[in-house]
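Take a look at the structure below.
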Amino acid sequence: MSEDSLIVLGVDGGATKTACAAVLLSTQQHLNQASAGPSNWSSVGKEEGLQTLKRAVSATLTVCGKSWEAVAAICLGMAGVDSPEAQAALTAAIKDWFPPNTLVLVYNDTVPALLSGTEGRLEGCVLIAGTGSIAFATLPDGQSARAAGCGPAFLDGGCGYDLGQKGLSAAAKGSDGRGPPTQLLSYLCKCCDGVTCLPGGCMLRQAGLA
């Protein structure tokens, strides 16, 4: 296959969606992109995460009119990949999807997020607030530090899960008098197909949220 037809894929995998984009290797021209559901192993498990990841990559290749053999390199920024062991496991799991000479790079999603804002220099600080939240910083001498990114059970703040949980709590408290009235209650009922808001948290149980 000629070098002019080879592509590079970039993947952003999280707990809500997985996005994949393709560029031409020779010119860095953006070709197209596609997305699928969540692929964070910590949220959906290894097998489902891999299936979702493969769907995202396959959909991207389809909209670009490319085959798996055209992939010269793929770089994945994956939420939940927090150790060298996890990086190695994901690399091994997807390596066979591509030709033997395809370069496969796997990082925590903070790394490509930081690089995208520093013109490729791995120095600075990045804060991700998506389904979960995490902060990562690194210095030119290689020292690095991170905060949060432990998952919903550890109450990472400022993320979609955290905001949703606080909204549900405020709505429940507003419905039974433990908290002040809030418009969140009516919005929640609309989202739950008009569930009647009953005392004692019954609203949440009837809506399948508790």
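- Remark: side-chain polar atoms of T102 are paired, donor with acceptor, to backbone N or O of V71 under 3.5 angstrom.
- L184 contributes atom CG, which lies 10.5 Å from atom OG of S169 (distance to the nearest 0.5 angstrom).
- The backbone N or O of L25 lies less than 3.5 Å from a partner atom in the side chain of Q28, making a donor-acceptor pair.
- Placement of F98 and L53 within a single hydrophobic cluster is found when ILVMFWY residues are connected by side-chain heavy-atom separations under 4.5 Å, directly or transitively.
- Side-chain atoms of K66 never come within 3.5 Å of backbone atoms of T60 as a donor-acceptor pair (strictly under, hydrogens ignored).
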Between side-chain atoms of residues 129-138 and protein atoms elsewhere (two or more places apart, or another chain), which donor-acceptor pairs fall under 3.5 Å?
from, atom 1, to, atom 2, distance (Å)
T131, OG1, T16, OG1, 2.1
S133, OG, G157, O, 2.6
T138, OG1, Q143, O, 3.2

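- Between Q183 and S186, the closest heavy-atom pair is O-OG, 2.9 Å.
- Taking the side chain as every heavy atom from C-beta outward, I7 and L61 approach each other to under 4.5 Å.
- When all heavy atoms of P99 and E69 are compared, the closest pair comes out as CG-CA, 3.6 Å.
- Residues L76 and V104 meet the side-chain proximity criterion, which asks for heavy atoms closer than 4.5 Å.
- Neither L115 nor V23 shares a network with the other; the hydrophobic side chains, linked directly or stepwise wherever heavy atoms of I, L, V, M, F, W or Y lie under 4.5 Å apart, form separate groups for each.
- Residues S58 and R55 bring no donor and acceptor atom of their side chains to less than 3.5 Å of each other.
- Note that the NZ atom of K17 and the OG atom of S39 stand 11.5 Å from one another [nearest 0.5 Å].
- Nearest heavy-atom pair, P112 versus G77, reported as atom, atom and distance to 0.1 Å: CG-CA, 3.7 Å.
- Nearest heavy-atom pair, C64 versus A22, reported as atom, atom and distance to 0.1 Å: SG-CB, 3.8 Å.
- Not a single ring-ring contact (aromatic ring centres under 6.0 Å, His included) links Y107 to another residue, sequence neighbours left out.
- Side chains of L90 and M78 form a contact here, defined as non-hydrogen atoms less than 4.5 Å apart.
- Each of V57 and V63 belongs to its own hydrophobic cluster when Ile, Leu, Val, Met, Phe, Trp and Tyr are linked at side-chain heavy-atom distances under 4.5 angstrom.
- In the hydrophobic cluster analysis, where Ile, Leu, Val, Met, Phe, Trp and Tyr join through side-chain heavy atoms closer than 4.5 angstrom, L24 is grouped together with V11.
- The two residues C20 and A56 come nearest to each other via the heavy atoms CB-O, 3.8 Å.
- Linking ILVMFWY side-chain heavy atoms closer than 4.5 Å, directly or via other members, places L9 and L6 in two distinct hydrophobic clusters.
- Residues E123 and L114 approach most closely at O-CD1, 3.9 Å, considering heavy atoms.
- In this structure, T52 and V44 have side chains that are not in contact, with every pair of non-hydrogen atoms separated by 4.5 Å or more.
- Judged purely by atom type and a 3.5 angstrom limit, T18 uses its side chain to pair as donor or acceptor with the backbone of G37.
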Donor-acceptor contacts under 3.5 Å from residues 158-167 side chains, at least two apart:
from, atom 1, to, atom 2, distance (Å)
D162, OD2, G158, N, 3.1
D162, OD2, K166, NZ, 3.3

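- Between W68 and W97, the ring planes lie perpendicular to each other; the angle is over 60°, past the 30° to 60° tilted range.
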